[in-house]
Amino acid sequence: QVQVVESGGGSVQPGGSLTLSCRFSGYTLSDGCMGWFRQAPGKEREGIVSYNYFGKPTYADSVKGRFTLYKDGDKNGVTLQMNNLGPEDTAIYYCAAEPDVIHSWDCTISRTFSYWGQGTQVTVSS
């Protein structure tokens with residue numbers, strides 16, 4: 001059984017930075033595809049980055065140049081470094097995993113993910 005656990009959310013002022021962590025059990029990065037998503041109050045869930053171990057992270061335009069995904073050395077997790085945060089980044093952030101995705105072209109934020117974490121709150125305000 002795959003389990004996904006996020007951590008690292010919190011409150012920060014505009015222009016600040018936060019680091020989110022996503023750790024997996026029953027899954028490693030080379031098993032498939034993972035993604036980060038977020039949902040702000042009253043808005044639809046937004047995919048912000050997807051990653052297949054054999055490719056490179058793909059970022060949504062809304063976070064490109066500000067967010068960077070790093071894989072953990074043990075392949076059992078990832079770290080999302082978020083810089084230059086603004087109020088529009090306020091949301092609950094979710095990590096998700098989908099095993100058995102072999103090709104990097106098939107690892108996108110629009111695909112189905114079967115396993116989700118519980119989410120972590122990120123609040124950006126002055």
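In summary, the side chains of E98 and S114 do present a donor paired with an acceptor at a separation below 3.5 Å, with no hydrogens or angles considered. No side-chain donor from either of S125 and T123 sits under 3.5 Å from a side-chain acceptor of the other.
Closest approach of C107 to S50, counting heavy atoms only: O-OG, 3.2 Å. Scanning all heavy atoms of the two residues, the minimum distance from A91 to A40 falls at CB-N, 3.8 Å. Between V78 and D72, the shortest heavy-atom contact is N-OD2, 3.6 Å. Closest heavy-atom contact between C33 and T108: SG-N, 4.2 Å. For Y53 against S30, the heavy-atom pair with the smallest separation is CB-CA, 3.7 Å. The minimum heavy-atom distance between S126 and P14, with the atom names listed, is N-CD, 3.7 Å.
By the 4.5 Å heavy-atom criterion applied to side chains, I48 and L80 are counted as neighbours. Residues T68 and Y59 are in side-chain contact: their nearest non-hydrogen atoms beyond the backbone lie under 4.5 Å apart. A heavy-atom distance below 4.5 Å is found between the side chains of T90 and Q121. Counting only heavy atoms from C-beta outward, the side chains of L85 and F67 approach each other to under 4.5 Å. At a threshold of 4.5 Å between non-hydrogen side-chain atoms, the residues F24 and K75 do not count as touching.
If you take CD on E88 and CZ on R38, they are separated by 7.5 Å, rounding to the nearest 0.5 Å. Between the CD atom in Q118 and the SG atom in C95 there is a gap of 10.0 Å [rounded to 0.5 Å]. The distance from atom CH2 of W116 to atom CZ of R45, rounded to the nearest 0.5 Å, is 3.5 Å. With values rounded to the nearest 0.5 angstrom, L18 atom CG is found 9.0 Å from T120 atom OG1. Taking CD from Q81 and CG from L20, the interatomic distance works out to 9.0 Å, rounded to the nearest 0.5 Å. Here the OH-CD distance, from Y93 to E46, works out to 8.0 Å after rounding to the nearest 0.5 Å.
Follow the hydrophobic side-chain contacts under 4.5 Å out from Y115 and you never reach I92; the two are in separate clusters. Connection of F54 to L29 is established within a shared hydrophobic cluster, with ILVMFWY side chains joined at heavy-atom distances below 4.5 Å, either directly or through further cluster members.
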Exercise for the section: Decide side-chain contact (heavy atoms from CB on, under 4.5 Å) for T19 and T79; before the verdict, give the C-alpha distance in whole Å, the side-chain angles of both, and the deciding distance to 0.1 Å. Expected result: CA-CA 7 Å; T19 301; T79 298; 3.1 Å; yes

Exercise for the section: Dump the intermediate steps for side-chain contact (heavy atoms from CB on, under 4.5 Å) on D89 and R66, then the final yes or no. Expected result: CA-CA 11 Å; D89 296 311; R66 301 187 299 123; 2.7 Å; yes

Handout entry: side-chain contact (heavy atoms from CB on, under 4.5 Å) between V63 and M82, intermediate numbers included
Key = CA-CA 8 Å; V63 305; M82 306 186 296; over 6 Å; no

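Judged by a 6.0 Å distance limit and a 45° cone about the ring axis, K71 is not positioned over the six-membered ring of Y51.
Here the side chain of Y27 pairs no donor or acceptor atom with the backbone of V4 at under 3.5 angstrom. Put simply, the side chain of E6 gets close to the backbone of G119: a donor and an acceptor are under 3.5 Å apart. Between the N52 side chain and the M34 main chain, no donor and acceptor come within less than 3.5 Å of each other.
Aromatic rings of F113 and F37 (six-membered ring for Trp) have centroids within the 6.0 Å cut-off, being under it.
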